[in-house]
Asks: 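To start, I am sharing the structure in question, which I have written as structure tokens.
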Amino acid sequence: MSDQRAVSPHVLIFPLPLQGPVNCMLKLAELLCLGQIQVTFLNTLHIQERLRNCTGAEVYFKRYSNFRFDTVPDGLPEENPRTADEIWNLLQSIDAVAVPIFRCMVTSGVYGPGSENPVTCIIADGIFTFAAGIAGEIGVPLLYFDTISPCGLWTYLCLPKLIEAGEFPFKDDNLDEIIRNAPGMEGIIRRRDLPSFYRTNDVNHVTIQLVLKEDKHIPLAQGLIFNTFEELEAPILSQMLNVCPNIYAVGPLHAHLKTRLAAETGPEAQPTITSNSIWREDSSCISWLDTQPSKSVIYVSIGSLAVITKDQLFEIWHGLVNSGSRFLWVRRPGSVTGLDSETEEIPSELSRGTKERGYIVTWAPQDEVLGHPAIGGFLTHSGWNSTLESIVEGKPMICWPYFVDQQVNSRYVGEVWKLGLDMKDTCDRVVVEKMIRELMESRKNEFLERADEMAKLAKASVSEGGSSYADLDRLIDDIKFMNIPTTWN
Ligand code: UDP
């Protein structure tokens with residue numbers, strides 16, 4: 001920076017405005033605040049409004065004098081549902097409306113080099129390719145935080161190689177063909193385990209072009225932050241070092257935050273943590289869980305973005321009821337297409353089975369649910385946050401992935417980490433029932449033992465002396481002492 005005044009470390013965090021990324025970037029923000037770094041958290045107005053209406057997050061963060069929220073519009077009309085099929089519109093709108101405001105803020109505005117409070121480091125979602133140019137303009141380091149899984153991101157970064165080798169687009173319909181040109185994933189990944197948007201013949205498809213653009217920009221950052229831990233993804237992280245030599249694996253962030261807060265408040269006190277939900281949580285399910293036997297309930301959720309058809313809803317519902325297992329099911333408003341809940345006839349066996357053994361909510365305090373002793377398994381869409389939350393709580397999974405990194409995550413859960421079963425590409429009541437019986441009955445002990453081992457590794461990684469703990473300390477020091485170069489040259 002040309003200004004010679006002494007500046008204090010000030011990080012601007014710009015998350016992708018969706019539930020998962022906002023949630024885990026807020027956790028990182030809080031960890032940086034605990035490390036005495038000043039943080040500005042840039043939300044879209046829409047997300048900020050949702051946080052204000054559904055949680056006490058704004059009030060909670062007032063305890064940190066070194067934290068502030070700031071906002072930019074996302075440019076979409078308020079009534080836009082901002083679900084998975086709208087992500088492309090959201091990204092285009094951010095480019096057109098939010099990016100010019102962000103650029104102005106950090107180049108010449110409130111956080112610019114000449115201001116009272118200049119930004120000294122930008123942490124942005126990996127999909128925000130515009131951040132590389134803007135950070136370069138003001139000469140501050142950029143750290144990309146890709147909140148999807150490293151194994152998922154690695155399949156993005158391998159795309160140019162897959163194209164060059166003729167493995168993408170796929171030459172035929174055989175989705176079981178093994179992928180050969182993703183280093184570190186040999187013998188693991190089949191075509192069906194790549195992100196579902198790879199199932200196109202069109203290299204010029206907008207999503208494919210977006211991935212290729214991200215691939216070019218990721219190496220321009222001075223560091224990559226991941227919500228993972230070394231013991232889970234060491235082979236992929238070592239491949240990733242070839243793309244960016246400065247990696248911070250600081251996850252699982254939600255568990256990491258608990259450890260660091262406990263260290264602040266002392267071992268006796270239970271640290272209070274804010275929920276960063278953009279839906280209102282229904283905590284009545286916790287009272288219901290309190291009345292259920294240990295490890296008897298399967299928790300079902302497809303996260304904040306995925307949508308399912310009415311037929312899929314009924315296949316899952318029949319499978320759940322026929323399995324005889326108790327279940328807690330999150331049915332997010334707007335997550336089922338083609339269903340008119342006012343007029344829909346529900347078969348009597350489903351109503352009866354649900355009344356006897358089930359509980360349905362519109363949004364759950366998921367972290368608390370997964371930590372509840374009554375939960376024995378998780379039927380999940382394999383979102384990365386959900387996967388990590390399940391790992392930390394030692395809960396085996398049935399994976400039914402929807403999009404982005406979820407196809408890759410479910411393969412790793414089933415085949416590499418052996419933490420559950422991968423149900424991808426089927427939605428059939430017989431399969432749902434069979435897998436629930438396998439997870440909750442016939443192979444219950446085997447999966448619980450594996451999950452318990454992995455949970456221990458996850459918790460150790462965020463404890464003093466652990467790999468993620470050390471990486472977070474390094475990240476904080478690097479930001480504080482401005483050890484991160486602004487370019488690699
Ligand atoms: N979540 C929650 N309550 C619910 C369902 C989900 O709090 O009823 C949270 C969950 O704990 C996770 C996030 O929403 O932190 C979902 O993120 P994930 O990466 O799993 O999936 P996405 O929603 O991005 O597809």
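In listed order, ligands and their atoms are each counted from 1.
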Asks: With rounding to the nearest 0.5 angstrom, report the CZ to CD1 distance, Phe327 to Ile298.
Replies: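 The CD1 atom of Ile298 is 11.0 Å from CZ of Phe327, to the nearest 0.5 Å.
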
Asks: Tell me whether Lys434 at atom NZ has more than 12 heavy atoms from other residues, nucleotides or ligands lying less than 6.0 Å away.
Replies: no

Asks: What class does the angle between the rings of Tyr198 and Tyr156 fall in, given that below 30° is parallel, 30 to 60° is tilted and above 60° is perpendicular?
Replies: tilted

Asks: Angle between ring planes, Phe102 versus Phe130, binned at 30° and 60°: parallel, tilted or perpendicular?
Replies: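 Aromatic pair Phe102/Phe130 classed perpendicular.
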
Asks: Between Tyr359, Tyr299, Trp329, which is the residue that forms a ring-ring contact (aromatic ring centres under 6.0 Å, His included) with Trp288?
Replies: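 Filter result, single survivor: Tyr359.
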
Asks: When the ring planes of Phe41 and Phe69 are compared, do they come out parallel, tilted or perpendicular, using 30° and 60° as the limits?
Replies: perpendicular

Asks: May I have a table of the N/O to N/O pairs between ligand 1 and the protein that fall below 3.5 Å, each row giving the two atom names and the distance to 0.1 Å?
Replies:
{"unit_1": "ligand 1", "atom_1": "3 (N)", "unit_2": "Trp363", "atom_2": "NE1", "d": "3.4"}
{"unit_1": "ligand 1", "atom_1": "3 (N)", "unit_2": "Ala364", "atom_2": "O", "d": "2.6"}
{"unit_1": "ligand 1", "atom_1": "7 (O)", "unit_2": "Ala364", "atom_2": "O", "d": "3.4"}
{"unit_1": "ligand 1", "atom_1": "8 (O)", "unit_2": "Ala364", "atom_2": "N", "d": "2.8"}
{"unit_1": "ligand 1", "atom_1": "11 (O)", "unit_2": "Gln366", "atom_2": "NE2", "d": "3.3"}
{"unit_1": "ligand 1", "atom_1": "11 (O)", "unit_2": "Glu389", "atom_2": "OE1", "d": "2.6"}
{"unit_1": "ligand 1", "atom_1": "11 (O)", "unit_2": "Glu389", "atom_2": "OE2", "d": "3.2"}
{"unit_1": "ligand 1", "atom_1": "15 (O)", "unit_2": "Asn23", "atom_2": "ND2", "d": "3.1"}
{"unit_1": "ligand 1", "atom_1": "15 (O)", "unit_2": "Glu389", "atom_2": "OE2", "d": "2.7"}
{"unit_1": "ligand 1", "atom_1": "19 (O)", "unit_2": "Trp384", "atom_2": "N", "d": "3.4"}
{"unit_1": "ligand 1", "atom_1": "19 (O)", "unit_2": "Asn385", "atom_2": "N", "d": "3.1"}
{"unit_1": "ligand 1", "atom_1": "19 (O)", "unit_2": "Asn385", "atom_2": "ND2", "d": "2.9"}
{"unit_1": "ligand 1", "atom_1": "20 (O)", "unit_2": "Ser386", "atom_2": "N", "d": "2.9"}
{"unit_1": "ligand 1", "atom_1": "20 (O)", "unit_2": "Ser386", "atom_2": "OG", "d": "2.6"}
{"unit_1": "ligand 1", "atom_1": "21 (O)", "unit_2": "His381", "atom_2": "NE2", "d": "3.0"}
{"unit_1": "ligand 1", "atom_1": "23 (O)", "unit_2": "Ser304", "atom_2": "N", "d": "2.7"}
{"unit_1": "ligand 1", "atom_1": "23 (O)", "unit_2": "Ser304", "atom_2": "OG", "d": "2.4"}
{"unit_1": "ligand 1", "atom_1": "25 (O)", "unit_2": "His381", "atom_2": "NE2", "d": "2.9"}

